[in-house]
Amino acid sequence: MKEKFLKLSHFIKKLLGKKVYIPNRIYYIVLFVIPLAGILLKNLLLQAYIMGENLYSPSFLKAVSGTWRYWIFYVAVTMLVLFAGMLFKRDKYRIIYVMACNLFFTVLICCDIIYLRSFFTMPSAADALIIKNFSGFDGGEVTSLICGWDGLIFADIIVFIIFVFVFRRRQTDEKVKLKILRISAMVAAAVSVAVLIFIPLQAKALDVNEELYQSIYNENNAEKTSSYFSSWGFHVKDIFELIMQSAHSKLTEEEKALVDEYYEWKNENLPDNEYAGIFKGKNVLFLQIESLESFVIGQSVDGQELTPNINRLLKHGFYFNNVFEQVQGGNSSDADLMYTTSRLPVTKGSTFFRYGDVKLTSFPRYLTEQGYNTLYTQAVRGSFWNYQKCWSKMIGVDNFIGGDTINMDYEKIGFTINDGDFLYEAYPYISKLEEPYYAHVVLNSSHMPFQPSEKYKSLKLSDELDSTYLGGYFQLVNYVDKCIGDLLERMEAEGMLENTVIVVIGDHTGIHKYYEYSLEKWYDLYPWVNVEDNYTVPLIISCDDMAEAYKSDILAGQIDVMPTLAYLFGMPEEDYINSAMGRNLLKTNRSYAIFRDGTIHGELTEEEKKIVGSSYKVSDFLFETWEN
């Protein structure tokens, strides 16, 4: 390995020619300014993505105009780390240190960008545990989230390498040089600290710029924090906040008042109606579908229904077509949390990883206590998103059937086995459930990057459409719908659908979540594809006992699913009303939802928006202060 490195080094030296000697002062200035400027530009690219039309089309003008005031912070937090390299005695170690720092910042920003495109927020240190999830992925999910502009991230590294190989400093008194470098390092550190504490010091000691201090240093929006402090500054602040949260054992009076205000407003105290308990005692088949969005329900492409089997369920039951996505860093696992407990996910990391020991009031737990046989099944191992622990303890089901139980050697679609073979493996466990039962089945074949093989394509689409993300999404949604049809047909033949309520819902949005930038060209031909930033999933609650269809356009969130189901199945309101963060969609006078970025949809007063806007913070408080 050493010989190969030396040969490569010799080749590069020969390629770049003779060394150019420059004065010491210029050499060291350039040595540290290249990575400093490079890291600044990387952060500018990150902000250009955040402020651009989408996360693949950077807007450098918006990034510059929106962040130039904070570049001094970018430089300060970078200098604290980078200029420590001046303390080394030998140039070789300085170069290695500076290069290592630059590579660290580069990898960090690469991760930030990929995570942003996956989860639409900056990654928290609390997300470190999601590395456990990567074993099942084949790489396509990540490579589909990369674009050409990303190459700019590595430009300064190339310039730095060329500089190191081409230029040399002139010899000088080593003692003088070391003294100057150490003084420079201390001055850089002092200036950096002074810059970072200037505004807090003004606010705390002199009562000046308090509003500016709160907006910059106490900002809860991760993207805004990164625009103030850079990627590295955001992560340092994030780690500090996580440490403080871990020591948070009880609510302050101000925090308690915020929680009380939220629940007092949320609980409308309305009289019951004809839907109270109409499904009490019935079985539940809960079908949670990866990336299923509302816009495909009831639609056809070139005369071909996209979801014919799901469409048939609309004839008997409830259909809510405006359930806004509210997942955070836990993504699909956050959907499981909200659909069963009506608790918003935490804003840092995955709730399932961070709070797997919490025991929450849940709809499945209530049914279990009523004598139901309960089961959760998905084609993933129990450690994936910490599903097995959380469904057994946090949510409370009798049986978890996953990749540790069923055969996982079938052909994959995306990150796990195809839904047809998964249901073949899972069905024996579902069919053994004695009535009444609750079976929560997660279907994953419609997972991004929406690139199915020909084997799983049933729709006849134009070559142009079929080769796009949208065409792949249509094909996979149609394939999952077919799998659902086969499952329902088999269950009906065996009498398992009698006295059964079928719930169908998406875990979060898909094509608009990941590849919205690719859809505009299809808006004229398929105008229903344009959802205009309304990221919603369909909620269908179907039962043959209902002779008519009930369709509601009410604006809702994923946390509203559990209270609605609880009401239909006769769960006493006093058992969940003060733990559930959502509301019963069949007994409410309000139409609203808060999106994951804090955007509030619906017509509310300013005071009501303030209360709804605090909901994610309320959930954080409840999890932070939970006691077993």
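- Side chain to side chain, Asn321 and Ser294 fail the donor-acceptor criterion of an N or O pair below 3.5 Å.
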message: Does Asn478 form a side-chain hydrogen bond (donor to acceptor under 3.5 Å, both in side chains) with Asp481? I'd like the steps, not just the answer.
response: CA-CA 5 Å; Asn478 179 257; Asp481 179 84; 5.2 Å; no
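- The aromatic rings of Tyr535 and Phe595 lie parallel to each other, their planes meeting at an angle below 30°, with 60° marking the opposite boundary.
- The backbone N or O of Asn373 lies less than 3.5 Å from no partner atom in the side chain of Asp398, so there is not a single donor-acceptor pair.
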task: Might you work through the salt bridge (Lys or Arg N to Asp or Glu O under 4.0 Å) test for Lys617 and Glu624, ending with a clear yes or no?
output: CA-CA 10 Å; Lys617 186 178 291 186; Glu624 289 167 22; over 6 Å; no
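- Side chains of Tyr372 and Asn283: no donor on one and acceptor on the other come within 3.5 Å.
- With respect to Glu293 and Lys513, no salt bridge is recorded, no charged nitrogen being found less than 4.0 Å from a carboxylate O.
- Scanning both residues, Gln326 and Ile594, for their nearest heavy atoms gives NE2-O, 3.0 Å.
- Between the side chain of Asp560 and the backbone N or O of Gly557, at least one donor-acceptor pair lies under 3.5 Å.
- Around the CD atom of Glu520, the shell of radius 6.0 Å holds no more than 12 heavy atoms that belong to other residues, nucleotides or ligands.
- Closest non-hydrogen pair, Phe384 versus Tyr387, comes out as O-CD1, 2.8 Å.
- Contact between Thr307 and Ile297 at its shortest, heavy atoms only, is OG1-CA, 3.9 Å.
- In this structure, Glu268 places its CD atom where more than 12 heavy-atom neighbours from other residues, nucleotides or ligands lie under 6.0 Å away.
- Within the 3.5 Å criterion, the main-chain N or O of Ala593 finds no donor-acceptor partner in the side chain of His601.
- Between the side chain of Ser383 and the backbone N or O of Asn386, no donor-acceptor pair lies under 3.5 Å.
- For the pair Arg343 and Phe623, the cation-pi test (distance below 6.0 Å, angle within 45°) is passed.
- Relative to the six-membered ring of Tyr592, Arg583 meets both conditions, a distance below 6.0 Å and an angle of at most 45° to the axis.
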field: side-chain hydrogen bond (donor to acceptor under 3.5 Å, both in side chains) assessment of Asn267 paired with Asn578
entry: CA-CA 8 Å; Asn267 298 336; Asn578 290 317; 3.0 Å; yes
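- Ring pair Tyr515/Phe450 is perpendicular by interplanar angle, where above 60° counts as perpendicular and below 30° as parallel.
- Shown here for Pro538 and Tyr319, the closest heavy-atom pair between the two residues is CB-CE1, 3.8 Å.
- The main-chain N or O of Gly330 is found under 3.5 Å from a side-chain atom of Ser333 such that the two form a donor-acceptor pair.
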query: Hey, mind stepping through Tyr376 and Gln378 against side-chain hydrogen bond (donor to acceptor under 3.5 Å, both in side chains) and telling me if it holds?
result: CA-CA 7 Å; Tyr376 176 89; Gln378 184 178 179; 2.6 Å; yes
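- Of the options Asn309, Ile502, Ile310, a side chain to side chain contact (heavy atoms under 4.5 Å, CB included) to Leu488 is made by Ile502 and by none of the others.
- Relative ring orientation between Tyr438 and Phe286 is described as tilted, the plane-to-plane angle lying within the 30° to 60° band.
- Counting non-hydrogen atoms of neighbouring residues, nucleotides and ligands closer than 6.0 angstrom, the NZ atom of Lys482 reaches no more than 12 such neighbours.
- When all heavy atoms of Ala379 and Ile417 are compared, the pair lying nearest together is CB-CG1, 3.7 Å.
- Arg117 forms a cation-pi arrangement with Tyr56, by the criterion of a distance under 6.0 Å to the ring centre and an angle within 45° of the ring axis.
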message: Determine whether Asn444 and Thr416 satisfy the following criterion, side-chain hydrogen bond (donor to acceptor under 3.5 Å, both in side chains), listing intermediate values before the conclusion.
response: CA-CA 7 Å; Asn444 283 311; Thr416 190; 5.5 Å; no
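- Side-chain contact, Ser446 with Ser291: no donor N or O sits under 3.5 Å from an acceptor N or O.
- Summarising the local packing, OH of Tyr424 is surrounded by 12 or fewer heavy atoms from other residues, nucleotides or ligands at distances under 6.0 Å.
- When all heavy atoms of Gly403 and Arg381 are compared, the closest pair comes out as O-NH1, 3.0 Å.
- Within a 6.0 Å sphere centred on NZ of Lys587, other residues, nucleotides and ligands contribute more than 12 heavy atoms.
- Residue Glu494 places its CD atom among more than 12 non-hydrogen atoms of other residues, nucleotides or ligands, all under 6.0 Å distant.
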